[in-house]
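Here the structure comes first, spelled out in structure tokens, and everything after it is commentary.
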Protein chains: 2
Amino acid sequence: MGVTIHDVARAAGVSVASASRALSGRRKVTPEIAERVERAAAELGYRPNAVAKALRDQTTGTIGMIVPGIGNPFFTTIVEAVESRLQETGRDLLLCASRYRPDLEARRLETLLARRVDGLIISPCDIEASVPAVLNAARRVPLVQVDRYIEGGGADWVGVDDDSALAQAVDHVVRGGARLVTFVGSRLMNSSARSRLSGFERAAARAGVDATPPLLGEFTLEWGVEAGRLLLDGGAMPDAVVCGNDEIAVGLVRALRTGGVRVPDDVSVVGFDDVGHASMCDPPLTTVRQPVEEMAAEAVRLLGQVRVSDPRPAQRIAIAPRLVVRETSRPVPAGGGEVSVNGRGTA
Amino acid sequence: MGVTIHDVARAAGVSVASASRALSGRRKVTPEIAERVERAAAELGYRPNAVAKALRDQTTGTIGMIVPGIGNPFFTTIVEAVESRLQETGRDLLLCASRYRPDLEARRLETLLARRVDGLIISPCDIEASVPAVLNAARRVPLVQVDRYIEGGGADWVGVDDDSALAQAVDHVVRGGARLVTFVGSRLMNSSARSRLSGFERAAARAGVDATPPLLGEFTLEWGVEAGRLLLDGGAMPDAVVCGNDEIAVGLVRALRTGGVRVPDDVSVVGFDDVGHASMCDPPLTTVRQPVEEMAAEAVRLLGQVRVSDPRPAQRIAIAPRLVVRETSRPVPAGGGEVSVNGRGTA
DNA sequence: GGGAGTGTGGTAATCGATTACCAATTTCTG
DNA sequence: CAGAAATTGGTAATCGATTACCACACTCCC
């Protein structure tokens with residue numbers, strides 16, 4: 001396999017320079033030559049070799065992307081959105097999964113750099129362990145972090161405004177009558193875990209509502225189930241639980257219901273992400289919708305602005321999300337203000 | 001950015017040939033030179049340029065993969081499994097989504113070929129419209145189809161054994177007491193839709209059970225809900241419904257329950273895929289588990305065997321799946337044989 | 001009609017790593 | 001110790017597309 005531009009030039013009876021110019025149109029050639037070259041290219045089935053072009057142009061037209069795992073529907077959605085943005089400008093996506101392991105992440109970064117990607121979009125798996133590899137990569141090629149980020153703020157970032165998100169979630173359950181609220185999230189190994197917890201704490205304080213100590217485990221359904229059991233056993237059942245992601249929320253709802261607690265009548269539950277299962281669960285989950293399309297668009301846009309040579313201050317773009325009210329939270333009375341508690345019974 | 005092997009050679013005071021040989025170890029060099037080159041490479045932070053290597057070696061170490069959509073958790077799971085298989089042999093994945101459109105699919109194939117991928121793994125979105133682009137690509141580079149395939153059988157394929165799958169599903173509900181069974185799937189635009197329907201029909205005939213006309217729509221939750229309503233309105237409620245994928249099944253269960261039909265007491269429901277939501281739903285879904293890891297492993301293995309030059313007959317590898325019994329199907333009595341119908345009430 | 005200006009084609013360098021081939025040196029053998 | 005054999009270093013070609021640079025031909029104007 002391999003019709004080269006030399007073959008085309010020979011078949012058309014012209015030089016490679018003319019063939020290249022006729023095909024790219026970057027300099028004028030006589031109509032007759034253009035015609036002959038085009039015919040020859042078509043007949044031979046010529047396809048330009050992108051590898052050679054990349055070597056010559058010092059640009060590959062590929063963007064590398066590393067996410068912790070494609071099993072997580074949130075990352076999937078981001079990947080899909082980024083891929084489609086890139087296609088708009090004729091670029092392709094080299095996708096890697098770090099499997100939540102900083103060592104693999106560092107290796108993937110190296111191979112992507114060796115492949116001379118034009119840029120990198122990454123959601124670093126660990127807020128601390130990912131730092132050196134990410135900073136090093138950022139020094140060699142435009143790099144934008146999405147969703148998760150590394151500490152120290154050395155590289156651009158696009159993500160959701162966790163403060164706004166948690167404020168909306170907390171305000172919503174408070175307006176539904178909640179007075180005692182619990183946060184169930186993940187251990188603080190990545191930025192999302194941290195900023196969602198602190199967002200929650202700020203929001204609870206601002207709303208003047210009591211918060212029980214947070215339950216921190218993993219971003220999984222299983223942890224949600226376990227957290228539910230802990231709440232059931234713990235004695236002090238809150239009026240509302242705000243979760244770090246939808247999977248936790250789904251597990252939590254299941255465990256609570258199994259334990260005889262009614263959702264939302266006894267306890268309101270709010271998730272986070274709204275990708276994948278949230279609307280498919282029974283009952284459909286009230287949750288904060290990640291602005292995935294906007295995040296992808298911003299990340300790709302930002303990538304085009306980064307110049308490795310002149311280090312500007314790192315950009316941080318936090319996009320405000322929207323709360324999607326479904327059926328796991330108690331309805332807010334029409335007035336919208338605080339209301340009296342009615343018909344609820346805690347464990 | 002760009003430390004080349006020339007820079008390393010100069011710094012080490014040797015020729016590029018020696019530098020290359022010292023670093024690759026493909027021919028012996030004196031220990032002293034090896035030492036000097038390695039030190040120079042380390043000090044300069046030399047990273048070989050994979051693009052140049054690809055041009056010279058005529059092999060890129062990348063595999064292109066095209067799936068209809070990454071939003072679908074089944075494809076996600078396959079992508080993840082393939083990615084991790086490829087990593088084992090140091091290859092990377094160039095991922096594209098066709099968004100269920102044959103025209104986009106054809107374009108993605110062209111760009112992947114232009115990037116000189118070493119092979120292609122594709123799940124063609126349309127059994128008819130995808131044919132020319134896929135066959136053309138298969139002529140230029142090793143190509144393996146996964147899950148979906150094009151008609152005519154011109155290219156290798158790895159997928160699930162739909163006959164075995166549907167036989168297991170039908171036998172299971174029949175042993176649970178079902179006598180009237182319905183299939184709810186997708187319109188016959190892709191191979192999965194077709195072979196699952198025909199697998200169902202064969203299985204029903206073999207089991208000697210009555211099948212109502214199949215309901216065919218799309219592989220979505222929404223269609224599942226709609227199909228559920230059709231069944232509720234239709235008068236003749238079956239004892240069991242076998243679905244073309246899990247999303248349909250989840251929607252169906254929800255609609256039936258909303259309509260007052262108990263699952264599994266009144267109607268057994270079986271899904272297909274067992275990726276993503278199946279176990280997260282309430283109640284957890286009885287479903288056929290796609291052998292995703294095995295499919296990915298086979299696809300990658302097969303890719304290594306295809307030689308574009310000598311066209312062997314196309315391979316077709318159908319992997320038998322396993323039924324995962326959860327809570328949407330009536331239990332099979334211990335004996336395992338047919339049982340009498342009890343306690344069911346149709347609409 | 002000659003010199004300046006314009007348009008267009010071809011030759012060869014370039015991107016970076018690898019390696020065929022040659023040359024030089026060392027080692028071995030009788 | 002001469003000559004053969006083995007080892008190892010260097011030079012330059014190679015992969016394919018692009019383009020800087022040069023050369024040639026033609027037009028225009030005074």
Side-chain angles (χ1 to χ4, degrees), chain A residues 1-38 40-41 44-62 90 110-111 113-118 140-141, chain B residues 1-38 40-41 44-62 90 110-111 113-118 140-141:
Chain A
M1 193 194 73
V3 177
T4 76
I5 200 164
H6 285 86
D7 302 325
V8 173
R10 195 176 323 121
V14 299
S15 74
V16 288
S18 295
S20 174
R21 299 202 262 250
L23 292 170
S24 73
R26 303 168 76 84
R27 231 187 71 180
K28 247 195 248 147
V29 292
T30 29
E32 200 231 321
I33 287 193
E35 149 80 20
R36 291 219 308 270
V37 169
E38 262 155 46
L44 297 175
Y46 169 68
R47 300 274 184 288
N49 183 326
V51 174
K53 186 172 162 54
L55 179 59
R56 163 74 212 214
D57 296 352
Q58 300 287 38
T59 167
T60 55
T62 55
E110 275 305 321
T111 69
L113 288 173
R115 288 195 193 289
R116 295 299 192 267
V117 292
D118 295 338
R140 323 217 297 136
V141 79
Chain B
M1 191 195 75
V3 177
T4 77
I5 199 163
H6 285 87
D7 302 325
V8 174
R10 193 175 325 118
V14 299
S15 73
V16 288
S18 294
S20 174
R21 300 203 260 250
L23 292 170
S24 73
R26 302 167 76 83
R27 231 186 73 178
K28 250 197 239 135
V29 292
T30 23
E32 200 231 322
I33 286 193
E35 149 81 21
R36 290 221 309 272
V37 170
E38 261 154 48
L44 297 175
Y46 168 67
R47 300 276 185 283
N49 183 326
V51 175
K53 186 172 160 57
L55 179 60
R56 162 75 210 211
D57 296 352
Q58 301 286 42
T59 168
T60 55
T62 54
E110 275 306 321
T111 69
L113 288 172
R115 288 195 192 288
R116 295 298 192 268
V117 292
D118 295 338
R140 323 217 296 136
V141 78

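It should be emphasised that the depicted structure is a prediction, and the values quoted were computed from it without experimental measurement. So that the names make sense, note that chain A is the first sequence line, chain B the second, and so on, each numbered from 1.
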Can you give one letter per nucleotide of nucleotides 22-27 of chain D, 5' to 3': B if a protein heavy atom sits under 4.0 Å from the base, S if only from the sugar-phosphate, - if neither? ------
Round to a whole Å and report the spacing from CG of B:Asn49 to P of C:dC15. 12 Å
Report the distance from atom CG of B:Leu23 to atom C1' of C:dT18, rounded to the nearest whole Å. 12 Å
Candidate nucleotides C:dG9, C:dT19, C:dG16, ranked by approach to the side chain of A:Ile33 - the nearest: C:dG9
5'-most by nearest nucleotide on DNA chain C - B:Arg26 or B:Ala52: B:Ala52
Any base atoms under 4.0 Å from B:Ser24, or only sugar-phosphate, or nothing? Heavy atoms, all strands. nothing
Please compare B:Gly13 and A:Thr4 by the position of their nearest nucleotide in DNA chain D and report the one closer to 5'. B:Gly13
Does the side chain of B:Gln58 get closer than 4.0 angstrom to OP1 or OP2 of D:dT14 through an N or O atom? no
Protein-nucleotide distance (A:Asp57, atom CG; D:dT18, atom P), rounded to Å: 7 Å
Heavy-atom pair of closest approach, residues A:Thr60 and B:Val51: CG2-CG2, 3.8 Å
To the nearest 0.5 Å, tell me how far B:Glu38 CD sits from B:Glu35 CD. 7.5 Å
Using a cut-off of strictly less than 4.0 Å, decide whether B:Tyr46 has a side-chain nitrogen or oxygen near OP1 or OP2 of C:dG16. no
Closest contact, heavy atoms only, B:Gly2 versus B:Asp7: O-OD2, 3.7 Å
Applying side-chain contact (heavy atoms from CB on, under 4.5 Å), run through B:Val14 and B:Arg36 and close with a yes or a no. CA-CA 9 Å; B:Val14 299; B:Arg36 290 221 309 272; 3.6 Å; yes
Under 3.5 Å, is there a donor-acceptor pair between the side chain of B:Arg115 and the main chain of A:Gly61? yes
Considering only heavy side-chain atoms of B:Lys28, the closest of D:dT14, D:dG16, D:dT8 is D:dT8
Spell out, as yes or no, whether a donor-acceptor pair under 3.5 Å connects the side chain of B:Arg116 to the backbone of B:Leu55. no
If you take all heavy atoms of A:Ile33 and A:Ser18, which pair is closest and at what distance? CG2-CB, 4.3 Å
Close residues, residues 15-22 of chain B, relative to DNA chain D [heavy-atom separation under 4.0 Å]: B:Ser15, B:Val16, B:Ala17, B:Ser18, B:Arg21
Phosphate OP1/OP2 of C:dG16: any B:Lys53 side-chain N/O under 4.0 Å: no
Heavy-atom distance under 4.5 Å between the side chains of B:Ile5 and B:Leu23, does that happen here? yes
Write down the atom of B:Ala34, the atom of B:Ala22, and the distance for their closest heavy-atom approach. CA-CB, 4.0 Å
Residues of residues 5-12 of chain A with a heavy atom under 4.0 Å from any atom of DNA chain C, listed by number, are none
From the set C:dA17, D:dG9, C:dT8, return the single nucleotide nearest to any side-chain atom of A:Thr30. C:dT8
Report the distance from atom OG of B:Ser15 to atom CZ of B:Arg21, rounding to the nearest 0.5 Å. 6.5 Å
Between D:dA17 (P) and B:Arg56 (CZ): distance, integer Å: 17 Å
The reported gap from CG in A:Asp118 to CD in A:Gln58 (rounded to nearest 0.5 angstrom) is 10.5 Å
Is any side-chain heavy atom of A:Thr4 less than 4.5 Å from a side-chain heavy atom of A:Asn49? no
